[in-house]
Amino acid sequence: MTIIQLKEFVKTGKFGTITIGSTKTDVINLLGNKYSFGDLGETQIIKYGAYEFFYWTETEIIFGIQNDQLQADCSNHKEMINLKNKNYRLDKWFLQNNKNITFGEVIAFLEQESIFFEILPASISNSENVIKCLESNVSFDFVNEYDFVELDEKGKVKTSNQYFETEQSKYVLNGIRLFEH
């Protein structure tokens with residue numbers, strides 16, 4: 001069984017053997033034929049759970065890899081962050097089933113692994129910052145408005161509360177991405 005390391009992706013930009021410049025065929029060879037498909041015209045997406053691989057329609061060259069479903073705001077969060085079949089599984093490093101990860105926690109994990117990063121504004125119009133890893137160009141984005149969902153013993157939503165954070169360190173991880181720059 002192949003183990004794909006999320007930590008290695010964050011450090012190097014390699015998702016197993018896949019990186020920017022790989023092909024759609026490379027992704028299928030690694031992850032298999034069971035995927036969802038999105039046709040965006042000039043670009044396409046193949047999706048394994050919430051892990052998306054963006055490629056150019058004409059060349060089938062990968063230009064983006066992401067999971068932007070990392071908030072624990074749904075009853076299927078476990079499915080959104082776990083990736084596995086009989087041939088591979090994702091070692092999801094610091095991601096935890098049904099748990100939000102904060103901006104401050106991501107910084108601590110990166111520092112613990114000596115992964116150098118910078119903090120950048122997400123855009124001029126909002127206060128949410130992005131953490132960008134310097135060596136790999138992998139970025140983390142966050143939200144300051146989020147839901148906290150409590151599940152019952154059967155995995156069904158028991159309660160759901162909305163939060164609005166004003167302190168950056170408590171913003172919640174939304175996505176991990178690598179796009180061609």
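Values below: all heavy atoms of this structure, side chains included; hydrogens, waters and symmetry mates excluded. In what follows, residues are counted from 1 in the order of the sequence shown.
A donor-acceptor pair is defined here as one N or O able to donate and one able to accept, closer than 3.5 Å; such a pair exists between the side chain of N85 and the backbone of Y88. Listed for the T57 side chain is a donor-acceptor partner under 3.5 Å among the backbone atoms of E42. At distances below 3.5 Å, not a single donor-acceptor pair connects side-chain atoms of T23 with backbone N or O atoms of E60. Between the side chain of N100 and the main chain of A72, a donor-acceptor pair closer than 3.5 Å is present. Y55 places no side-chain N or O within donor-acceptor distance of the main-chain N or O of G64, the cut-off being under 3.5 Å. Looking at N137, its side chain never comes within 3.5 Å of a backbone N or O of L178 through a donor-acceptor pair.
The only option from I4, I18, N87 that meets the side-chain contact (heavy atoms from CB on, under 4.5 Å) definition with L31 turns out to be I4. Of the candidates I131, V172, N174, F142 forms a side-chain contact (heavy atoms from CB on, under 4.5 Å) with just one, namely I131. The side-chain contact (heavy atoms from CB on, under 4.5 Å) test with I3 singles out one residue from R89, E8, K84, and that residue is R89.
Taking CZ from F116 and CG from L110, the interatomic distance works out to 11.5 Å, rounded to the nearest 0.5 Å. Within the model, atoms OG1 of T19 and CD of E180 stand 10.5 Å from one another, a figure rounded to the nearest 0.5 Å. A distance of 5.5 Å separates CG of L90 from CG of L6, quoted to the nearest 0.5 Å. If you take OH on Y35 and CG on N33, they are separated by 6.5 Å, rounding to the nearest 0.5 Å. Put simply, CG on N67 and CD1 on I176 are 7.0 Å apart, with the number rounded to the nearest 0.5 Å. Residue Q66 holds its CD atom at 4.5 Å from CD of E52, rounded to the nearest 0.5 Å.
In this structure, K92 places its NZ atom where more than 12 heavy-atom neighbours from other residues, nucleotides or ligands lie under 6.0 Å away. More than 12 heavy atoms of other residues, nucleotides or ligands shown are found within 6.0 angstrom of NZ on K11.
Following chains of ILVMFWY side-chain contacts shorter than 4.5 Å, one can reach I107 starting from F9, so the two form part of one hydrophobic cluster. The cluster map of Ile, Leu, Val, Met, Phe, Trp and Tyr, joined by side-chain heavy atoms under 4.5 Å apart, puts W56 and I45 in the same cluster. M1 and I28 fall into different hydrophobic clusters, where Ile, Leu, Val, Met, Phe, Trp and Tyr are joined by side-chain heavy atoms under 4.5 Å apart, directly or via other members. With hydrophobic clusters built from ILVMFWY side chains whose heavy atoms lie under 4.5 angstrom apart, V10 does not share a cluster with L120.
For the pair L83 and F15, the minimum side-chain heavy-atom distance is below 4.5 Å. A heavy-atom distance below 4.5 Å is not found between the side chains of L95 and W93. When side chains are defined from C-beta on, I46 counts as touching V27, because their heavy atoms get closer than 4.5 Å. Looking at heavy atoms from C-beta onward, N144 lies in side-chain contact with F164 at the 4.5 angstrom threshold. By the 4.5 Å heavy-atom criterion applied to side chains, E167 and F103 are not counted as neighbours. Counting heavy atoms from C-beta outward, E113 and F109 have side chains that stay 4.5 Å or more apart. Between F140 and C133, the closest side-chain pair of non-hydrogen atoms falls below 4.5 Å. A heavy-atom distance below 4.5 Å is not found between the side chains of I115 and E135.
The aromatic rings of F53 and Y48 sit perpendicular to each other, their planes meeting at more than 60°, with 30° as the lower class boundary. Between F63 and F54, the ring planes lie tilted relative to each other; the angle falls in the 30° to 60° range.
Taking all atoms of both residues into account, the shortest heavy-atom contact from N98 to K78 is OD1-N, 4.1 Å. The two residues I81 and Q69 come nearest to each other via the heavy atoms CG2-O, 4.5 Å. Annotation for G13 and S136: closest pair N-CB, 3.4 Å, computed over non-hydrogen atoms.
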Next item on the list: Starting from the C-alpha separation in whole Å, work towards a yes-or-no answer on salt bridge (charged side-chain N to carboxylate O under 4.0 Å, His left out) for D91 and K7.
Entry: CA-CA 8 Å; D91 177 339; K7 185 188 310 181; over 6 Å; no
